[in-house]
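One structure is given below, represented as structure tokens, and several questions about it will come after.
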Protein chains: 2
Amino acid sequence: MKEYFPYNAENIHPGFSIDCVILSYHKRKIYVLLNKFYLDGYWALPGGFMFANEDADSAAYRILKMRTGLSDIYLRQFHLFSDPKRTEMNQHLDFSRLEAQMGSQIMWIMRRFVTMGYYALVRYDDIELVSHDNEQPGWYEVDKLPSMYSDHANIIRTAITTLRELWEYFPLGEKLLPEQFTISNLRNIYEFMLEKKLDRRNFQRKMLTDGVIQEVGRKEGVRYNAPVLYSFINKKI
Amino acid sequence: MKEYFPYNAENIHPGFSIDCVILSYHKRKIYVLLNKFYLDGYWALPGGFMFANEDADSAAYRILKMRTGLSDIYLRQFHLFSDPKRTEMNQHLDFSRLEAQMGSQIMWIMRRFVTMGYYALVRYDDIELVSHDNEQPGWYEVDKLPSMYSDHANIIRTAITTLRELWEYFPLGEKLLPEQFTISNLRNIYEFMLEKKLDRRNFQRKMLTDGVIQEVGRKEGVRYNAPVLYSFINKKI
């Protein structure tokens, strides 16, 4: 948050913030990128404010880069969160301690904010997270979220719901998997997104006959029955 | 706009507005609902502001009802418009005249606003438009827009682009057509959304074999070769 304090509220578009839901896949689980919040005991989505001379998308990319080191990923607006009680959800937090540290100008962040939710899907191995001040970005299982700031758990759920609604028609496995992957990793992702168990053989056959993936070999340096590796055929998404 | 002036800017969430793109189909064309703007010579989307104790969706429904009389329709967020130059686009407007009418408090609307775009598809015949103060809502062909306020032409284009991207997978013809319709009206809508000419016979055959529509009779009281009427089979959307 510190980067906003040399500025006063005049430099920031009022009552408006941005939060990014960055999802990834690792070892059979879907993860979300969170920052340990600057107030002890809470985790928050990478988020921040929009400067007076910025548009929302530019602000989202700047914020994500600053808080996590991430760049070159495609962020997509998915929902504006505007419950008037969003700010009240933080009344359990110790803002007086923050005020003592930062001065009373900090109190403008207690006003009501609407927040624009952005999401992105990223490859776990492509990402090198960078700490920012005393914030520590890290990956957390979406099914086992820690104590979340404000309505951020709901923002994550809504991002996942949005992806799920579109997945049958706009599957984005390519964004989550490395160049070469095993069929079970792809199936895990589909099972999470479609919220059902998928038959191993039927899933493999359908992905191959639909021309989604192709065989590219086997894992190297392992036993003769090493898992088959696949890659995506059509990289249009 | 008058409804906001008994309140001052404190009652309104700052720097945030809502604009609704209401689309309909009539006589082979796609129409959008516009208000003749209170400053002469410009047309605007039905839009307004969010009160301090309101969420954005509630504000969108309130605004649409107030400006056009419309209710019971499903509004969907589709994009936040946040170009910092949005307000400057209105510098050609005669705000001094407005200030003379309304007093200097009106000038808060000259500040920068981000606007949340909502869209809806409605049946032309279901809609009875209601005038509000000196505003006159009316239908305008999307391909022949009049002089639009601010970036509203871009908001309309973006709504249509969003619908087009989804149309192949989420077609919404049911929302635009009456209970019974001719195949040519359905085809006109698909042609607009898919941006290509569709073969008459192939389109009809595909809609029938895919189980999208069914024959329900012929137009009554007309000659023996009156057009066949269809209805949608699955009303899940």
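In what follows, chains are A, B, ... by sequence order, proteins preceding strands, each numbered from 1. Not measured: the values here are computed from a predicted model.
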Exercise. State, yes or no, whether a side-chain contact exists between B:Val114 and A:Met50 at a heavy-atom distance under 4.5 Å.
Key: yes
Self-check item: Crowding at CD, A:Glu168 (>12 non-hydrogen neighbours, <6.0 Å)
Solution: no
Quiz item: Looking at residues at least two apart in the chain, or sitting in another chain, which of them share a ring pair (Phe, Tyr, Trp, His ring centres under 6.0 Å) with B:Tyr230?
Solution: none
Self-check item: B:Asp55 backbone acceptor or donor facing A:Ser82 side chain under 3.5 Å
Solution: no
Self-check item: side-chain contact (heavy atoms from CB on, under 4.5 Å) assessment of B:His13 paired with A:Arg111
Solution: CA-CA 10 Å; B:His13 193 74; A:Arg111 294 182 200 152; over 6 Å; no
Quiz prompt | Region of A:Glu54 that comes under 4.5 Å of a non-hydrogen atom in chain B | solution = backbone
Quiz prompt | B:His79 side, atom NE2; A:Arg76 side, atom CZ - distance, nearest 0.5 Å | solution = 10.0 Å
Quiz item: Considering residues at least two apart in sequence or located in another chain, which fulfil the ring pair (Phe, Tyr, Trp, His ring centres under 6.0 Å) criterion with A:Phe192?
Solution: none
Practice problem: Look up atom CD in B:Gln77 and atom CD in A:Gln77, then write down how far apart they are to the nearest 0.5 Å. | Solution: 9.5 Å
Quiz prompt | Test log, rule side-chain contact (heavy atoms from CB on, under 4.5 Å), inputs A:Leu80 and B:Phe16 | solution = CA-CA 12 Å; A:Leu80 183 84; B:Phe16 179 76; 3.4 Å; yes
Exercise. Provide the closest heavy-atom pair for A:Ala52 versus B:Pro84 in the form atom of the first, atom of the second, distance.
Key: O-CB, 4.2 Å
Exercise. Assign the ring pair A:Phe170 / B:Tyr169 to parallel, tilted or perpendicular, where the plane angle (0 to 90°) is split at 30° and 60°.
Key: perpendicular
